[in-house]
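A quick note: this is a predicted structure, and the numbers were derived from the prediction, not measured. Residue numbers start from 1 in every chain, and the chains themselves are labelled A, B, ... in the order their sequence lines are given, proteins ahead of strands.
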Amino acid sequence: MSIPSDGPTALERFLRGILPENPTLRQVLGICPTLAVTNTMEGAVTMTGAVIFVLTCANVAVSLLRPFLKPHLRILVFTLTIATFVTIADRFLAAFMYDMSKQLGPYIPLIIVNCIIIARCEICASKQSVWTAFCDAIGQGLGFGLALCALASVREILGFGTWFGKWLGWHVIPPGISDRVWAPWTIMVLPPGAFLTLAMLMGAVNWATSRRSSS
Amino acid sequence: MKRLAEAWLVLVLAVVFSSGLALVHAQLQPRIERNKADDTERQIPAMVPGAIRSEAVVVGGQKVYRALDAASVPVGWVLPARGQGFADRIELLIGLDPQVSLITGLYVLEQKETPGLGDNITQSWFRERFKGRPVGPPLRAVKRAPANDQEIQAITGATISSESVVGIINTAVQSFRRALAEQGVR
C-alpha cells in the first residue's frame, strides 16, 4: 500500500484536536467514558491520563509500523497495539492508584473500544510521521480531557458540592448548609445528569460555532 | 500460506506485545495483591473491637481472619464474603465476635453499585446499622425503621443493593458457623 505522507502538519494536528476537532464535542467519539466517569473530577482526570497514555503510545507505535501495514490487516494491528497499552494502563492503576482503580472499575479496560484511539490510528498515525502522530495524540487527548473536565466540574459541583473532593477536599458549596438553602442534586451524579450536561455543553458549542460562522 | 506470510506483522506483534505484558504483569502483580491484602488488613481494627492485628486461618475451605488483641488473644473474626449485588459482585468484610453470635463491623471491599444510590452501602451510616446485630436468625431488609434486631432499614432508592448486602451476610455467616461447628475451631 502506498501511503501518502502529506496532510496537516504536526502543529495543525495538535491544535485541531483541542477545539476545532474536539473528539467528544465535535466528533462525538468516546461517549461511553464521557458519560460514565464524569461524576467526579478525580475520575475524569484519571481517565484522561489513561487515554492520553494509550493514545500516544498507540499512535507512535502505529506510525512506526506504517511501512509494514497491509490494508486488510491494519485494524487488527491497531486493536492489538491499543489492547496492549490499555492492559498496561489498567494494571498500573491497580498497582499504584488502587482506590481510583476500584472507583473506575471496568471503564479502564473499556478504553480498548474507545473510538477516539482507533480513529486517530486510522486518520493520522497510519499515514503520517511519528512526530505528527505524537502531536496529534497529545492534541486529541487534551481535547478529550477538556470535555471530560468541563462535564465533571458541573456534575461534581452540583451533585456533591465539591471539586476534586476526594483528592483535595475543596468544597464549592459549604458543607452542612441547610437543605432549604441548597440540597445536592443527586441526579447530576447519576447517569441522567451525564446526558443532560453533555447535551447542554454540545448545544452551547454548536450555538457558539454557528454564531461565529454567521457573523 | 500466502495469507500467513502476509500476516507476519500481526504474528510478530502478538508475540512481542504478549511478552511485554507478561513482563509488566510479573512486575506489578505482587503489588496489586498487596494492595488488596493491605485494604483488608487496614479494616480489621475497625471491624472487631480491641483488635490490633489478625492471622489468616482456613475454615471450611475458606480463608478467614482471626482478629487478635495486643496480647494475641482472639477477640473475634473477620469474614470475607461475596455475592451478586444490583450491578456487579459485592465483596464484603464481616466482623464477628469470638462466639460468632454478633456482628461487630462491616466493610465493603469492592462494589460497582449505582453511584449516588446503591453505592451508599459503603457509607458508614449504613454499615453502622449492622453493628451489634445477633446473627442467629437471618437478618431482613425492611423499608421502615427496624422493629426488632433482625430488621435492617434499607437505603432509599437502593432496595436491591441493601437486600443483597443482607443476603450476602446471612449466607456467609451461616456457612461459617456450620464450618466452625464441624471443624471445632474455637
Side-chain angles (χ1 to χ4, degrees), chain A residues 1 36-40 43 57-58 61-62 64-107 155-156 159-160 184-194, chain B residues 2-43 85-91 107-120 122-123 155-158 161:
Chain A
M1 184 165 78
V37 305
T38 53
N39 51 11
T40 58
C57 294
V62 167
L64 287 171
L65 292 169
R66 76 190 188 285
F68 311 112
L69 287 179
K70 300 258 188 318
H72 66 288
L73 291 173
R74 68 186 199 289
I75 301 290
L76 203 54
V77 171
F78 298 165
T79 318
L80 201 61
T81 313
I82 295 165
T84 305
F85 292 113
V86 169
T87 311
I88 294 173
D90 179 52
R91 296 291 79 195
F92 182 87
L93 285 181
F96 296 100
M97 296 172 74
Y98 178 68
D99 290 333
M100 209 59 226
S101 161
K102 261 169 78 171
Q103 190 195 319
L104 292 180
Y107 293 111
R155 294 182 65 196
E156 188 181 339
F160 291 120
W185 300 12
T186 303
I187 192 167
M188 291 311 282
V189 296
L190 294 174
Chain B
K2 186 170 163 283
R3 289 253 166 225
L4 196 66
E6 276 186 341
W8 69 269
L9 179 64
V10 179
L11 299 175
V12 168
L13 281 182
V15 173
V16 171
F17 284 157
S18 42
S19 322
L21 285 182
L23 212 68
V24 170
H25 180 84
Q27 289 295 311
L28 295 181
Q29 194 58 24
R31 213 191 152 93
I32 296 170
E33 289 301 321
R34 203 161 62 239
N35 284 341
K36 279 194 180 154
D38 284 353
D39 198 10
T40 305
E41 198 76 20
R42 260 198 311 276
Q43 297 310 319
F86 177 65
D88 201 350
R89 200 173 64 184
I90 298 176
E91 280 189 46
Y107 179 70
V108 181
L109 208 52
E110 198 175 331
Q111 59 86 23
K112 296 189 173 64
E113 300 304 285
T114 319
L117 297 172
D119 73 347
N120 280 328
T122 62
Q123 301 283 332
I155 301 167
T156 308
S161 301

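By number of non-hydrogen pairs under 4.5 angstrom with chain B, the leading residue of A/Thr87, A/Ile88, A/Leu65, A/Thr81 is A/Thr81.
Contacts of A/Ser101 with chain B are absent, with no heavy-atom separation under 4.5 Å from either backbone or side chain. Heavy atoms closer than 4.5 Å to chain A are found in both the backbone and the side chain of B/Val10. For a residue to count as touching a neighbouring chain, one of its non-hydrogen atoms must lie under 4.5 Å from one of that chain's; by this rule B/Leu9 touches chain A with the side chain only. The part of A/Leu76 that comes within reach of chain B is its side chain, from C-beta onward, which places non-hydrogen atoms under 4.5 angstrom from that chain. Heavy atoms closer than 4.5 Å to chain A are found in the side chain of B/Gln29, but not in its backbone.
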Note to self: I'd like to know whether B/Trp8 forms a side-chain contact (heavy atoms from CB on, under 4.5 Å) with B/Leu11, so could you lay out the CA-CA distance, the side-chain angles of the two residues, the decisive distance to 0.1 Å, and finally the verdict.
What the structure shows: CA-CA 5 Å; B/Trp8 69 269; B/Leu11 299 175; 5.7 Å; no
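A donor atom on one side chain and an acceptor atom on the other are found under 3.5 Å apart for B/Asp39 and B/Tyr107. Of the N and O atoms on the side chains of B/Ser161 and B/Glu113, at least one donor lies less than 3.5 Å from an acceptor on the other residue.
Under the side-chain contact (heavy atoms from CB on, under 4.5 Å) test applied with B/Ser19, the options B/Val15, B/Leu21, B/Leu23 reduce to a single match, B/Val15.
With respect to the salt-bridge test (charged N to carboxylate O, under 4.0 angstrom), the residues B/Arg31 and B/Glu33 do not qualify.
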